[in-house]
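Here is how names work: the chains are called A, B, and so on, in the same order as the sequence lines, proteins then strands, and each is numbered from 1.
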There are 2 protein chains.
Amino acid sequence: MSTSDSVHSPSPSSARLTRREQKERTRVALLDAALRLLERKSFSSLGLREVTREAGVTPTAFYRHFDSIEELGLVLIDDSFRTLRQMIRAARAEPRSPEHVIRSSVEILVRHVHEHRLHFRFIARERSSGLPAMRQAIRTEIRLFTSELATDLARFPYLDTWPTEDLGVVATLIVNTMVSTAEAIVDAPTDSREAEEEVIRHTEKQLLLIALGVSAWRRD
Amino acid sequence: MSTSDSVHSPSPSSARLTRREQKERTRVALLDAALRLLERKSFSSLGLREVTREAGVTPTAFYRHFDSIEELGLVLIDDSFRTLRQMIRAARAEPRSPEHVIRSSVEILVRHVHEHRLHFRFIARERSSGLPAMRQAIRTEIRLFTSELATDLARFPYLDTWPTEDLGVVATLIVNTMVSTAEAIVDAPTDSREAEEEVIRHTEKQLLLIALGVSAWRRD
DNA sequence: GAACTCTGTGCACAAGTGTTCACCGAATCG
DNA sequence: CGATTCGGTGAACACTTGTGCACAGAGTTC
């Protein structure tokens, strides 16, 4: 039990806190605790008391921050997708020489999955299992990402003449591949470097295959 | 509450039952009840009492059939994959003219998802969320399917010269696409015919794209 | 500095959970 | 037919859960 420190007795680093700071501190403590527990459990089996116990807070304190665990879950999804959007922005900012776009995209994905492992794990878990509200939120977020990718694709020469539907099909295929890759990395044991290298190699080949298919598409 | 019929008072169709029959009957009643509940809940939040209540049986009766709910879950996975293997056998038995292989494969997948909606839903849910034992079981089953597909691919002309690793990459890509499609269909509202038509059309295009990519692969 | 605000506490409660036990009645067996 | 087996019941247990209420004590405001 390492959670013996009460929230009331502040850590030695910060002598005294304003109320806002204090409240925010236990709020993130609750969110972190939940995320930590969600590494091993699914959200639907997550208990309010369980979270507060992990956070080192009484159950009743929970209600000062959230009306229910569902609400906390939605905040968690929001946070998770915030980091994912950061990733996408990073990927777009990258200087994109066409021949290295695949390698660098996969590299960025892998790095972000490692840096925000718990967030990705949580999304992967709840994507097809969670409460309807969560699944909906996740799905629309992924859909949004997909359509952004489609408009990005439309900027490439040759692809700019494609109908939007077909661009969407390609984008969906790419996103699905990326999602599978992310899930594979999250599920893989943390230490096995070579297993991950294999996943990366496979993903790059799959994306290359898709790219080849695209360039052969209307050549009949 | 339509579960008022006790298991003890046999349905009028079958006057008297042997003990084996009777036991098997409540066993499948438990499994069916669980599967029914799992359409709306995730397995980790499934309670023993909940299942027995839905099945119209006392909680203690459960232990006459399973040691725990986890065990019931594994049986459920087994059953689910039994139907999936049926599907694969059906797909392989189909006369496979190369130009229609995509259309017929997708058609078979869609039909089976509809006929065994609850099984597919269950697998989709627990694939990335369930207990470790379940996830492991599901993953190895999908992996097995993938490698079978890879050996099938190796029988095609032109592909028979490919290294097994690359065949595996292609097979994985195809299976991922199929899994995504199955999930989309299971999640879609049951009535919307046009939404499903769109999913089918997209899937076929994606598979065609992959096929094109494959045929362009070593032409550099 | 006094009055107030608010975040966290402690206690209580009803409801639900998994599991054990003795028991019952009908199918099975000698 | 009598004895036995066994799939079901019902009551009881020790817990855990979510939630409500009164209260404490530190931060805030006048």
Look at B:R127 together with A:E183 and state whether they make a salt bridge at an N to O cut-off of under 4.0 Å.
-> yes
Just the rounded figure in Å: distance from [atom2] of [N] to [atom1] of [X].
X: A:E24; N: C:dT7; atom1: CD; atom2: P; answer: 12 Å
X: A:F66; N: C:dT7; atom1: CZ; atom2: P; answer: 13 Å
X: A:F62; N: C:dG10; atom1: CZ; atom2: P; answer: 19 Å
X: A:L30; N: C:dT7; atom1: CG; atom2: P; answer: 13 Å
X: A:H65; N: C:dT7; atom1: NE2; atom2: C1'; answer: 7 Å

Under 3.5 Å, which donor-acceptor pairs link side chains of residues 44-52 of chain A to any protein atom two or more places apart or in another chain?
{"unit_1": "A:S44", "atom_1": "OG", "unit_2": "A:S42", "atom_2": "OG", "d": "3.3"}
{"unit_1": "A:S44", "atom_1": "OG", "unit_2": "B:S42", "atom_2": "OG", "d": "2.5"}
{"unit_1": "A:S45", "atom_1": "OG", "unit_2": "A:S42", "atom_2": "O", "d": "3.0"}
{"unit_1": "A:E50", "atom_1": "OE1", "unit_2": "A:K41", "atom_2": "NZ", "d": "3.4"}
{"unit_1": "A:E50", "atom_1": "OE1", "unit_2": "A:G47", "atom_2": "N", "d": "3.0"}
{"unit_1": "A:E50", "atom_1": "OE2", "unit_2": "A:K41", "atom_2": "NZ", "d": "3.1"}
{"unit_1": "A:T52", "atom_1": "OG1", "unit_2": "A:L48", "atom_2": "O", "d": "3.4"}
{"unit_1": "A:T52", "atom_1": "OG1", "unit_2": "A:R49", "atom_2": "O", "d": "2.8"}

A:D78 meets the salt bridge (charged side-chain N to carboxylate O under 4.0 Å, His left out) criterion, sequence neighbours left out, with A:R82
By side-chain hydrogen bond (donor to acceptor under 3.5 Å, both in side chains), A:E197 pairs with (sequence neighbours left out) A:R193
B/S/- contact track for nucleotides 16-28 of chain C, protein heavy atom under 4.0 Å | -SBBBB----BBS
For A:F66, which residues count as a ring-ring contact (aromatic ring centres under 6.0 Å, His included) partner, sequence neighbours excluded?
-> A:F62
Could I get the full list of ring-ring contact (aromatic ring centres under 6.0 Å, His included) partners for A:F145, not counting sequence neighbours?
-> none
